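Note that the structure is predicted; figures quoted are calculated from it, not measured. Convention: sequence-line order gives letters A, B, ...; per-chain numbering from 1.
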Number of protein chains: 2
Amino acid sequence: MSTHHPGSQKDQHALNAYISLLRCTETVTSDTCRHLAAEKLTVGQFGTLEALYHLGPLCQRDIGKKLLKTGGNVTTVVGNLEKRALVERRRMPEDRRYYSVALTETGQELIARIMPRHIENITTRLAVLSLQEQDELRRLCRKLGLAS
Amino acid sequence: MSTHHPGSQKDQHALNAYISLLRCTETVTSDTCRHLAAEKLTVGQFGTLEALYHLGPLCQRDIGKKLLKTGGNVTTVVGNLEKRALVERRRMPEDRRYYSVALTETGQELIARIMPRHIENITTRLAVLSLQEQDELRRLCRKLGLAS
DNA sequence: GGATGATAGTTTAATATTAAACCATTTACG
DNA sequence: CGTAAATGGTTTAATATTAAACTATCATCC
């Protein structure tokens, strides 16, 4: 890092962009997810229900991959959803290490009832940006996010 | 919402943009903060130290505002930092409701030692985007984030 | 000056979250 | 086969996080 000057132009651009990215994500998520409190759902619980709703039954490992969370966390969240009978676990006979996690009827109804409002929240919130700007934001985020 | 068609073009642009935004923020934060584990610091603890480092002593309410966290959370995080003698609380005589939270010498040394690496992580990570793209990302995020 | 209300911080109860150690099952391979 | 490695899930211990109820202090204003 001999050529790296702390506090350089490069740093400033990167830091400013990153800080704005962080705060934007936090406020948008906070705003669009506020309605979940009325159903006593956390963001992680909602994300799990949503994944099962769109993708069908998943094993916990795949849920974790989708939500970018650890296995231990998935155990907890799925456990809490199961307590409320919104999902159920079934052992897979062909490989008994796996559980298949699926929405129950109650869970299906709940997520189907909530999703429209959630999508509307996101669409309304994002409407501050033009469709072109939304696409550009997506492009930049994908480019940046896939650089892992 | 009579004019709102679920699954419309508008929804798709917004959802795609929002999902990319979420995943980007999660992966970038995860990558740039990984080094904190070596110091046994959580992201929240680091954020608190960083705020005190750049802004000087703050009361807990201002720390919460800065990190977008609740008062109860600040109590916990500052408490854990205090246990490790990285910060200290002092009652403000002019208004005894407030604490002034400040870095200790140890805390100062720690954050000063860690910051360069952290900034470098961010700068390196963001370098996938050109400086113009970083500025555009910042502009879009600010526009979107300030719409609360 | 004493009730009223606002404000800073804490506590409590519940869930989330991670890393690390662990258990159970399956797969690889000698 | 039978052991070793890999894999899915759980547990544990610690911290984070929130909402809601609470304490203490300060400000307002009759």
Item to check | Atom-pair distance (CZ on R91(B); C1' on dG9(C)), nearest Å | outcome: 7 Å
Checklist entry - Between dA16(C) atom C1' and L81(A) atom CG, what is the distance in whole Å? => result 12 Å
Item to check | salt_bridge(R139(A), E136(A)) N-O dist < 4.0 Å | outcome: yes
Checklist entry - Q60(A) CD to dT11(D) P: how many Å, rounded? => result 11 Å
Checklist outcome for this item: On DNA chain D, more 5' by nearest nucleotide between N73(A) and Y98(A) is Y98(A)
Item to check | Test item: D62(B) side-chain N/O and L58(B) main-chain N/O as donor-acceptor pair under 3.5 Å | outcome: no
Checklist entry - Roughly, in whole Å, what's the span from NZ in K69(A) to C1' in dA19(C)? => result 16 Å
Next on the checklist: Check this one for me: any side-chain N or O of T76(A) less than 4.0 Å away from OP1 or OP2 of dT15(C)?
Outcome noted: no
Checklist entry - Taking the six-membered ring of Y99(A), is NZ or CZ of R91(A) closer than 6.0 Å to its centre and within 45° of its axis? => result yes
Checklist outcome for this item: In whole angstroms, the gap separating P of dT10(D) from CZ of R96(A) amounts to 13 Å
Checklist entry - Got a donor-acceptor contact below 3.5 angstrom from the S100(B) side chain to the M92(B) backbone? => result no
Checklist entry - Once you round it to whole Å, what is the distance between P of dG9(C) and NZ of K65(B)? => result 11 Å
Checklist entry - Please give, in whole Å, the distance from dT25(D) C1' to E94(B) CD? => result 13 Å
Checklist entry - Is R89(A) near enough to dG8(D) that one of its side-chain N or O atoms lies under 4.0 angstrom from OP1 or OP2? => result no
Checklist entry - T70(B) side chain N/O closer than 4.0 Å to the phosphate oxygens (OP1, OP2) of dT17(D)? => result no
Next on the checklist: So, OP1 or OP2 of dA14(D): does either fall under 4.0 Å of a side-chain N or O from N80(B)?
Outcome noted: no
Checklist outcome for this item: The answer to which of G71(A) and K83(A) contacts DNA chain C further toward the 5' end, by nearest nucleotide, is K83(A)
Item to check | Phosphate OP1/OP2 of dC26(D): any R97(B) side-chain N/O under 4.0 Å | outcome: no
Checklist entry - Does a sphere of radius 6.0 Å around CZ in R142(B) hold more than 12 heavy atoms from other residues, nucleotides or ligands, not counting ones at 6.0 Å or beyond? => result no
Item to check | Main-chain N/O of L36(B) paired to R117(B) side chain as donor or acceptor, under 3.5 Å | outcome: no
Checklist entry - Quick one, which residues of residues 33-58 of chain B touch DNA chain D with a heavy atom under 4.0 Å? => result T42(B), Q45(B)
Item to check | Flag, side chain of Q134(A) to backbone of L126(A), donor-acceptor distance under 3.5 Å | outcome: yes
Checklist entry - Hey, does the side chain of R61(A) come within less than 4.0 Å of dT10(D)'s phosphate (OP1/OP2), counting only N and O? => result no
Checklist entry - Over how many whole Å does the gap from Y99(B) atom OH to dT23(D) atom C1' extend? => result 12 Å
